[in-house]
Amino acid sequence: MTNTLILDGKAVAQARRAILREKVAEFTKTKGRAPGLAVVIVGHDPASQIYVKNKIKACAEAGIESFHLEKPATLTQADLHKAIDELNARTDVDGILVQLPLPKHLNETEALERIRGEKDPDGLTSANLGLLFSGRTRVAPCTPFGVMKIFEHYKIDVAGKNAVVIGRSNIVGKPMAQLLLQANATVTMAHSKTHDLEAVTREADIVVVAVGQRHLLGKSAFKKGVVIADVGMHRGEKGLCGDVRLDELHGWAQAMTPVPGGVGPMTIQMLLENTFRLAGGKI
Ligand code: GUN
């Protein structure tokens, strides 16, 4: 049985953060100010609170200034837009992140569209998705971008390979497929309506799993030697786990990201790098 390579996103993110920190310090010295990221959170979703806390801590580690705006769950769409407009106009804010999900009475698409593309480090505005899909990327959405950087770090060449992306969200699945395509993979998108999902994934050399169902897939879904990136994040009694039953894949997969410590830390790192890029920094 061959050993499965664990794609240690946490270590890759830490190494990249150390490099970014130096570049940010240089930027701050030259420009007389640090790059700035505003994080807007509406309401009290406990998972979102943790993510936002981690993002703010990561900013501090990289020398990026963060502005934390906490809004009540009763916030109106108009007041959310007003807050975003104010951040759009600020010269010390290079990136604006509206933490998702928003409370149900708010329209996420409209809120995201209110962010100027030049200040959208999530890469989720239609302007930035349009640039990505037409091959003129400004910033790519953080999670799929982070997956690509993990592959790059471990020299996993995707060119010519069969890559299957499970999930078709704007935040992960669609941009993930696009980035893999740009790296010359042969890409299939699977989703909740796909017939015989495991027959599709078993053909794949690379599978990116972003279905949002705890432990959905196990060994029977993958061919031997597969590379798996597990984007799932589920909080249970035993801590975090992903969409894949990774314990079944040891010795079967060529490489896989663990949960926690795989894709999650890279998502945050890519947010920092995108913010730096929007501030005019060069990575
Ligand atoms: N909620 C979960 N992940 C993300 C993310 O990457 N960006 C934003 N804005 N909200 C999220």
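Order of listing sets the numbers, starting from 1, for every ligand and every atom in it.
- For T267, no nitrogen or oxygen atom sits less than 3.5 Å from a nitrogen or oxygen atom of ligand 1, counting backbone and side chain alike.
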Could you go step by step and tell me if E110 and R114 meet the salt bridge (Lys or Arg N to Asp or Glu O under 4.0 Å) rule?
CA-CA 6 Å; E110 282 182 19; R114 199 78 183 189; over 6 Å; no
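- Summarising the contacts of atom 5 (C) of ligand 1 with I171, L100, L97, L124, the nearest heavy atom is found in I171.
- The CD atom of Q269 sits 5.5 Å away from the CG atom of L20 when rounded to the nearest 0.5 Å.
- Put simply, CD1 on I41 and OG on S48 are 5.0 Å apart, with the number rounded to the nearest 0.5 Å.
- Counting protein heavy atoms only, atom 11 (C) of ligand 1 is closest to Q99 NE2, 3.5 Å.
- Rounded to the nearest 0.5 Å, atoms CG (D8) and OH (Y154) are 4.5 Å apart.
- Of the inter-residue distances, the one linking R202 atom CZ with D196 atom CG reads 6.5 Å to the nearest 0.5 angstrom.
- Where the criterion is an N or O separation shorter than 3.5 Å, residue side chain and backbone included, D122 meets it with respect to ligand 1.
- Applying the 4.0 Å criterion to heavy atoms of V98 picks out, from ligand 1, the atoms 8 (C), 9 (N).
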